[in-house]
Amino acid sequence: MSFTRFHPMPLVAGLAVLVVTLLLGNWQVRRAAEKADLQARIEAGAAAGAVSAADAGVVAEWRTVSLRGEWQAAQTIYLDNRVLRGRVGYHVLTPLRLADGSEPVLVNRGWIAGTRDRRELPPVASPAGPVALAGTVRVPEAHPFTLADEAGRGQVWQYLDLARYRESTGLPVRGWIVQQTSDAADGLVRDWPRPDAGIDRHRGYAFQWYSLAGLSFVMTAAYVIRRLGT
């Protein structure tokens, strides 16, 4: 048998497509497993009962917590370019000085629409005195995708950098925040959609890549058999 009858390009192309599609399929399977783990953590956190701030230091993300304390309204920041139902606005984050004297917690209190004049921030009511609230523990992304040169300056921030926030305010806030879920008469919208884990989507992508890998294998094998028969 002579291998000169085989043109290298179809073989190389077929094997290259086979390897790439297998790798992409494996990657989507891993992503599906990661998303399944995320979904399990979300459901476990939602099913577990609320814990107090004293216990919240060791709980995982997505756990429900109950907090008591006083707002430190002067240290409020606005996360810019937050869209809700097609409208651009802000997420309002205010630190809560806890009643038990432990480290304060930064609370994402909800969404508010922006004003026509971008130089003016919409006012947010922060009642003085003791408040009680409930929410979900979240951990801000360490390196979010952004085109901004810095996290923020003054009250308007593009993304939350807890280290930068501690530095700029002098407050030793904890390494996680709370998305407030309890109602309050402050005009803020607390519509926190649970993230779509997308497990089935990743599995579907994996099936497509594996199908292309199978097709590539069949076409490459057919080429080899055809050339062997000539």
Side-chain angles (χ1 to χ4, degrees), residues 38 42 45 53 56-57 61-99 102-196:
L38 171 62
I42 294 174
E61 190 175 17
W62 302 105
R63 187 68 187 269
T64 301
V65 295
S66 58
L67 305 175
R68 292 181 179 274
E70 296 184 10
W71 293 122
Q72 296 181 273
Q75 310 299 337
T76 295
I77 62 172
Y78 292 70
L79 292 186
D80 201 1
N81 297 313
R82 283 355 189 224
V83 179
L84 179 66
R85 304 183 190 115
R87 299 181 63 191
V88 178
Y90 305 89
H91 280 177
V92 179
L93 282 74
T94 304
L96 187 71
R97 184 174 63 241
L98 298 179
S102 59
E103 296 90 346
V105 175
L106 193 58
V107 180
N108 189 337
R109 300 168 59 190
W111 179 90
I112 191 169
T115 58
R116 291 186 177 180
D117 188 347
R118 294 283 292 173
R119 295 172 296 180
E120 298 181 2
L121 293 173
V124 176
S126 299
V131 296
L133 62 93
T136 304
V137 172
R138 296 300 311 274
V139 178
E141 290 185 65
H143 304 287
F145 173 77
T146 178
L147 300 177
D149 295 331
E150 58 182 352
R153 181 177 300 177
Q155 281 192 287
V156 180
W157 290 50
Q158 300 304 313
Y159 63 93
L160 180 58
D161 182 333
L162 286 175
R164 176 68 183 274
Y165 181 84
R166 295 187 192 103
E167 180 183 353
S168 64
T169 63
L171 294 176
V173 294
R174 305 194 185 198
W176 42 265
I177 68 172
V178 169
Q179 281 185 342
Q180 182 177 348
T181 55
S182 55
D183 293 332
D186 53 16
L188 296 171
V189 180
R190 282 169 279 275
D191 183 7
W192 308 117
R194 293 173 63 182
D196 177 17

For this session: Report the residues that fulfil side-chain contact (heavy atoms from CB on, under 4.5 Å) with A99, sequence neighbours left out, ordered by chain and then residue number.
Result: R68
For this session: May I ask you to check if R138 and W176 form a cation-pi contact, with NZ or CZ under 6.0 angstrom from the six-membered ring centre and within 45° of the axis?
Result: no
Exercise. Has D191 got more than 12 heavy atoms of other residues, nucleotides or ligands less than 6.0 Å from its CG?
Worked result: yes
Exercise. Between W157 and G154, which heavy-atom pair has the shortest distance, and what is it?
Worked result: NE1-O, 3.0 Å
Exercise. Can you name the nearest heavy-atom pair linking Q158 to N81, along with the distance?
Worked result: OE1-ND2, 3.3 Å
Exercise. Do the side chains of V173 and Y165 get nearer than 4.5 Å, heavy atoms only?
Worked result: yes
For this session: Side-chain contact test, heavy atoms from C-beta onward, threshold under 4.5 Å: evaluate it for Y78 versus P122 and give yes or no.
Result: yes
Problem set entry | Over all atoms of both residues, closest heavy-atom pair of R174 and S102 | NH2-OG, 2.6 Å
For this session: Output the distance between atom CD (Q180) and atom CG (L133), rounded to the nearest 0.5 Å.
Result: 4.5 Å
Problem set entry | With A134 via side-chain contact (heavy atoms from CB on, under 4.5 Å) - residues at least two apart | T181, S182
Exercise. Hey, is the main chain of G135 close enough, under 3.5 Å, to the side chain of R190 for a donor-acceptor pair?
Worked result: no
Exercise. Is any side-chain heavy atom of I77 less than 4.5 Å from a side-chain heavy atom of L160?
Worked result: yes
Seminar exercise, completed: One should read off an interatomic distance between D161 CG and R166 CZ, to the nearest 0.5 angstrom, of 9.0 Å
In residues 87-98, what donor-acceptor pairs under 3.5 Å come from side-chain atoms, sequence neighbours left out?
residue : atom : partner : partner atom : Å
Y90     : OH   : R118    : NH1          : 3.3
H91     : ND1  : N108    : ND2          : 3.4
T94     : OG1  : T76     : OG1          : 2.9
T94     : OG1  : R109    : NH1          : 3.1
R97     : NH2  : E70     : OE1          : 3.1

Seminar exercise, completed: dist I177:CD1 -> T136:OG1 (nearest 0.5 Å) comes out at 10.5 Å
Problem set entry | Short side-chain to backbone donor-acceptor contact, S126 and W71, under 3.5 Å | no
For this session: Decide yes or no for L171 and L106: does some side-chain heavy atom of the first lie under 4.5 Å from some side-chain heavy atom of the second?
Result: no
Exercise. Of the non-hydrogen atoms in G175 and V139, which two are nearest, and what is the gap between them?
Worked result: O-CG1, 4.3 Å
